[in-house]
Amino acid sequence: MWTRAFIFLIASIYFIQVISGEIYVSELTVESNVTLEASTILSSWSNGLQLQVTDQSGQTQTVTLESREVTAECVVIGDEYNCSCSGGYVWSNEACYNFGCCNDSACLKNVSLVAPLCIPPVNVSINGTAVLSTAVTAAQKTQIQTELEKLNGVISVTVLTPRSSPTISNNIIDFVANASVRFNTTKLQEIVTNLKAVLVAEYTFVDTHGMVTIGAPNKTVDYKSQQNLRCDFDESTDFAGWNLSRTNERFELNNGRQLTVSSCISTDYPSCVNVTLNEVTGILAGK
């Protein structure tokens, strides 16, 4: 009696559209027996191969294969699964939150149909503060670390030395977390809400860095030139905007003579907001 083993290879295929020069990423799943290596499957598609692809609107486009690489591998023996991300990839939020496959651990669930299964890592950081009505205890420091480690892709959590408010000693606790995945904001909100409850905190807040994609000039701009800044986000939002920060001040940007804030259309991101700077001068200096 024997059980045949199958291997699922998940690969990212990079296409470039011939006319517009836009690059698309597709995910390919291949089922084979264990004697067929990933390199053999991918090498059968050579760079420069042209394909006809039909988009969601029903239009046919000509695309050219630019590159490809294995992103994940699942070995299946009977009803048993053992999946792992390839080097340079991490589990997606769907794989983590829906199947419990997170961080660097192998996945023993059937995630062969999850798309995307593994994604390239990014640099995301969380800075947070909790204000308590009493002094911070060692147990509360541990609770902060435990809650933040529930986020997918968390690399490290650092809880800083408590500081004092004007009326209570050592009742303010700051923390920093670094992650390799852009996590769902709903998941972060759930964790912040739980953290406020378990700490019995008066209030808890966090800010994040690395969650959005910013498009901006990468060189010195000309005096009184027009410049466009763009912010894309992976989730739909009820409101999105731009702020200008300087030393000891921060304010929201609104439409006026020198700038225009507007929503923009993006095929890749559910939320997009653009700010156009007209006749740039030093009055707009800041972050």
Side-chain angles (χ1 to χ4, degrees), residues 12 14-27 53 55-59 61 63 66 90 92-94 115-116 119-128 151-153 177-189 192 205-287:
S12 281
Y14 297 86
F15 295 109
I16 182 169
Q17 190 172 334
V18 174
I19 299 176
S20 65
E22 295 178 334
I23 293 180
Y24 301 88
V25 180
S26 299
E27 192 167 88
V53 177
D55 60 24
Q56 294 180 341
S57 64
Q59 295 183 336
Q61 307 282 351
V63 297
E66 185 181 65
V90 294
S92 66
N93 284 328
E94 182 177 354
I119 57 177
V122 295
N123 294 320
V124 177
S125 63
I126 303 170
N127 297 303
L151 285 170
N152 183 30
N178 294 298
S180 58
V181 178
R182 290 191 176 112
F183 40 79
N184 297 336
T185 53
T186 51
K187 185 66 175 180
L188 178 60
Q189 182 61 60
V192 172
F205 65 89
V206 299
D207 62 57
T208 62
H209 299 267
M211 289 286 287
V212 298
T213 301
I214 298 291
N218 57 4
K219 60 182 180 180
T220 302
V221 299
D222 294 334
Y223 178 66
K224 287 201 170 183
S225 62
Q226 184 183 80
Q227 301 295 330
N228 291 300
L229 308 178
R230 176 180 172 130
C231 177
D232 293 300
F233 187 42
D234 288 330
E235 298 179 39
S236 298
T237 56
D238 295 324
F239 174 80
W242 284 82
N243 294 277
L244 180 62
S245 299
R246 300 190 182 115
T247 304
N248 299 324
E249 66 176 348
R250 173 187 173 93
F251 50 89
E252 182 183 338
L253 298 183
N254 293 301
N255 292 335
R257 186 177 63 180
Q258 282 201 297
L259 57 88
T260 303
V261 180
S262 60
S263 298
C264 41
I265 298 175
S266 172
T267 57
D268 300 316
Y269 297 94
S271 180
C272 172
V273 60
N274 183 78
V275 59
T276 300
L277 309 178
N278 301 309
E279 297 188 351
V280 174
T281 64
I283 197 172
L284 293 171
K287 180 183 289 185

Cys272: which of Asp232, Ile265, Val212 passes side chain to side chain contact (heavy atoms under 4.5 Å, CB included): Asp232
Test of understanding: with salt bridge (charged side-chain N to carboxylate O under 4.0 Å, His left out), list the residues that count as partners of Arg182, not counting sequence neighbours. none
side-chain contact (heavy atoms from CB on, under 4.5 Å), that's the test. Do Asn254 and Glu252 meet it? Break it down for me. CA-CA 6 Å; Asn254 293 301; Glu252 182 183 338; 3.5 Å; yes
Under the criterion side-chain contact (heavy atoms from CB on, under 4.5 Å), I'd like the reasoning laid out for Phe183 against Ile126: C-alpha separation, chi angles, the key distance, then a yes or no. CA-CA 11 Å; Phe183 40 79; Ile126 303 170; 3.5 Å; yes
Flag for Asn278-Gln226: side-chain donor and acceptor within less than 3.5 Å: yes
Checking side chain to side chain contact (heavy atoms under 4.5 Å, CB included) against Asn93, which of Ile119, Leu151, Asp234, Asn152 comes through? Asn152
Applying side-chain hydrogen bond (donor to acceptor under 3.5 Å, both in side chains), name anything that partners Thr185, two or more places apart in sequence or on another chain. Glu235
side-chain contact (heavy atoms from CB on, under 4.5 Å), that's the test. Do Gln258 and Leu277 meet it? Break it down for me. CA-CA 6 Å; Gln258 282 201 297; Leu277 309 178; over 6 Å; no
Sequence neighbours excluded, the answer for side-chain hydrogen bond (donor to acceptor under 3.5 Å, both in side chains) partners of Ser271 is Thr237
Do Asn178 side-chain atoms and Ser125 backbone N/O form a donor-acceptor pair below 3.5 Å? no
Qualifying residues under disulfide (SG to SG under 2.5 Å), relative to Cys231, sequence neighbours excluded: none
State, to 0.1 Å, how close Asn274 and Asn228 come at their nearest heavy-atom pair, and which atoms those are. ND2-OD1, 3.8 Å
Apply salt bridge (charged side-chain N to carboxylate O under 4.0 Å, His left out) to Glu249 and list each qualifying residue two or more places apart in sequence or on a separate chain. Arg246
Inspect the surroundings of CG in Asn123 and state if more than 12 heavy atoms from other residues, nucleotides or ligands are less than 6.0 Å away. no
Please find the pair of heavy atoms, one from Leu244 and one from Leu284, that lie closest to each other, and give the distance. CD1-O, 3.9 Å
Here the pair of heavy atoms bringing Leu229 nearest to Ala216 is CD2-CB, 3.6 Å
Heavy-atom distance under 4.5 Å between the side chains of Tyr223 and Val280, does that happen here? no
Can you list every salt bridge (Lys or Arg N to Asp or Glu O under 4.0 Å) pair that touches residues 277-287, not counting sequence neighbours? none
Heavy atoms of Phe233 and Tyr269 approach each other most closely as O-CB, 3.4 Å
